[in-house]
Every structure is written in structure tokens, then in C-alpha cells.
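The figures that follow rest on heavy atoms only: side chains count, while hydrogens, waters and symmetry mates do not. Along the sequence shown, residues carry numbers from 1.
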Amino acid sequence: IAFAGVNRFEFTPQVGMFDSYNIRLYHGWVVDPQNSILWKYLSTKSYNEVIDWICNDDYGQDDDEAIAEIENGKSIVGTFLEETKQQLTINGIAEIHERMKEHEFAIFFHNNHFSTIFKHNSRVYNLVTDEGIVSADPRIVWTTLESLNGDEQFL
């Protein structure tokens with residue numbers, strides 16, 4: 001995934017498959033463009049590039065001030081990754097709602113899994129594929145994709 005938008009992905013054969021079938025693919029791990037500091041570090045990078053950058057300790061010919069700035073940036077980005085480890089942000093949810101068309105089916109990539117989402121009556125629903133939820137109540141088919149704090153509705 002790339003943090004600049006819900007439809008931004010690093011190209012892989014798996015992502016290419018969805019393109020081949022003209023199926024839209026979304027994720028919800030999006031940085032707020034109004035947060036200029038995070039945007040500076042994340043808007044042009046994929047998750048994999050960010051992890052490589054955080055783990056890289058080769059500063060080449062950088063002076064102490066430049067190294068301190070890089071380390072500060074890594075700390076800021078690390079905090080963002082920790083605070084959003086559920087791989088979903090409010091900006092991501094809002095952008096999915098904005099971009100999806102009414103009655104559109106799409107694929108949602110979340111926590112390294114693919115699931116089906118559907119927009120109906122301006123609400124986005126996620127097909128429930130969690131075996132624990134289905135086992136607890138087999139009548140549950142969809143959950144709403146509306147918040148971060150676990151108060152989604154099961155339908």
C-alpha cells in the first residue's frame with residue numbers, strides 16, 4: 001500500500017490481477033494530507049519503502065544535524081505506524097466513502113487480507129469473513145465500515 005490514498009498500491013502481480021479484471025482495490029491506511037510533517041515523509045512512499053527507510057542506518061556523508069532530522073522523522077513515522085497498527089485511519093475510511101460509487105463492489109485490503117466491500121445507500125459494508133464472528137452468529141453477513149473504534153454494525 002501507499003499512504004497517499006486509498007487506491008494507491010505498490011505494483012505486484014496480485015494487484016495487477018485486479019487491474020486486469022477492472023476490479024477496484026482499496027485500503028484504508030491513509031495519512032492526513034493536512035498533517036504536513038507526516039505527509040512529507042509518507043506521501044510518496046509505499047509501506048515497504050517506509051520500513052526500509054526506518055531500518056536503514058546508513059547516513060553516508062550526512063552531518064549530525066541532518067542525521068538528527070532523519071532520526072526525528074523516523075520517530076514521527078514510527079509513532080504513526082504504531083498508533084495506526086490496525087492499518088486503518090479515519091482519513092482512509094472517509095476517502096473510501098468518497099471514492100466508491102453507489103452499488104459498487106470492490107476489494108478491500110486490510111491487515112494483509114483481501115475482502116469484499118459494497119456501497120449501498122451511501123454506506124460501505126464489508127463482507128464478514130472472520131470465522132469466529134460467523135461461528136458465533138451465522139446470520140451475520142456484513143459489517144459496516146464507518147469507524148475505528150470497533151462500534152461497527154453487524155448485519
Would you compute the distance between atom [atom1] of [X] and atom [atom2] of [Y] and round it to the nearest 0.5 angstrom?
{"X": "Ile51", "Y": "Glu49", "atom1": "CD1", "atom2": "CD", "answer": "11.5 Å"}
{"X": "Phe80", "Y": "Leu38", "atom1": "CZ", "atom2": "CG", "answer": "6.0 Å"}
{"X": "Ile70", "Y": "Asn56", "atom1": "CD1", "atom2": "CG", "answer": "9.0 Å"}
{"X": "Ser75", "Y": "Ile54", "atom1": "OG", "atom2": "CD1", "answer": "9.5 Å"}
{"X": "Ser135", "Y": "Asp130", "atom1": "OG", "atom2": "CG", "answer": "8.5 Å"}
{"X": "Ser46", "Y": "Trp53", "atom1": "OG", "atom2": "CH2", "answer": "13.0 Å"}

Would you mind reporting whether [Y] and [X] have side-chain heavy atoms less than 4.5 Å apart?
{"X": "Glu146", "Y": "Val124", "answer": "no"}
{"X": "Leu81", "Y": "Phe3", "answer": "yes"}
{"X": "Asp52", "Y": "Val50", "answer": "no"}
{"X": "Val31", "Y": "Thr89", "answer": "no"}
{"X": "Trp39", "Y": "Asp32", "answer": "no"}
{"X": "Leu148", "Y": "Leu88", "answer": "yes"}

Would you please say whether a donor-acceptor pair under 3.5 Å links the side chains of [X] and [Y]?
{"X": "Gln86", "Y": "Asn111", "value": "no"}
{"X": "Asn126", "Y": "Thr143", "value": "no"}
{"X": "Thr84", "Y": "Trp29", "value": "yes"}

- Message: For Trp142 and Tyr125, take the angle between the two ring planes, folded into 0 to 90°, and tell me which bin it lands in: parallel under 30, tilted 30 to 60, perpendicular over 60.
- Response: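 Answer is perpendicular, since the angle exceeds 60°.
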**Prompt:** Using the ring of each side chain (for Trp, its six-membered ring), is Phe114 parallel, tilted or perpendicular to Phe109, with breaks at 30° and 60°?
**Reply:**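 Answer is tilted, since the angle falls between 30° and 60°.
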Do other residues, nucleotides or ligands put more than 12 heavy atoms under 6.0 Å from [X] [atom1]?
{"X": "Ile140", "atom1": "CD1", "value": "yes"}
{"X": "Tyr21", "atom1": "OH", "value": "no"}
{"X": "Arg24", "atom1": "CZ", "value": "yes"}
{"X": "Asp137", "atom1": "CG", "value": "yes"}
{"X": "His103", "atom1": "NE2", "value": "yes"}
{"X": "Tyr47", "atom1": "OH", "value": "no"}

Applying the 4.5 Å side-chain criterion to the ILVMFWY set and letting contacts propagate, would Val134 and Leu145 be lumped into a single cluster?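 No, Val134 and Leu145 fall in different hydrophobic clusters.
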Would Leu127 end up clustered with Ile133 when hydrophobic side chains under 4.5 Å apart are linked, directly or stepwise?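 Leu127 and Ile133: separate clusters.
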With side-chain contact (heavy atoms from CB on, under 4.5 Å) as the criterion, how do Val15 and Leu25 come out once you've worked through the C-alpha distance, each side chain's angles and the decisive distance to 0.1 Å? CA-CA 8 Å; Val15 170; Leu25 181 61; 4.0 Å; yes
Step-by-step side-chain contact (heavy atoms from CB on, under 4.5 Å) determination, Glu10 to Ile1:
CA-CA 6 Å; Glu10 186 174 14; Ile1 64 123; over 6 Å; no
Practice problem: Return the minimal non-hydrogen interatomic distance between Gly28 and Ile96, and the atom names on each side. | Solution: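 In terms of heavy atoms, the two residues are closest at CA-CD1, 4.2 Å.
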Item checked: Heavy-atom closest contact (Ser43 atom, Ala4 atom, distance) ->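 Taking every non-hydrogen atom into account, O-CB, 3.3 Å.
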| task | Give the C-alpha distance, both sets of side-chain angles, the deciding distance and a yes or no for side-chain contact (heavy atoms from CB on, under 4.5 Å) between Glu104 and Phe118. | result | CA-CA 6 Å; Glu104 175 185 8; Phe118 179 67; over 6 Å; no
Exercise for review: May I ask you to decide whether Lys119 forms a salt bridge with Glu98, counting only side-chain N to carboxylate O separations under 4.0 Å?
Suggested key: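 No salt bridge links Lys119 with Glu98.
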Using ring centroids (six-membered ring only for Trp), state whether His27 and Phe9 fall under 6.0 Å.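 They qualify: ring centres under 6.0 Å apart.
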Under the 3.5 angstrom rule, does the side chain of [X] hit a backbone N or O of [Y] as a donor-acceptor pair?
{"X": "His113", "Y": "Phe108", "answer": "no"}
{"X": "Asn121", "Y": "Arg123", "answer": "no"}
{"X": "Glu95", "Y": "Gly92", "answer": "no"}
{"X": "His120", "Y": "Glu102", "answer": "no"}

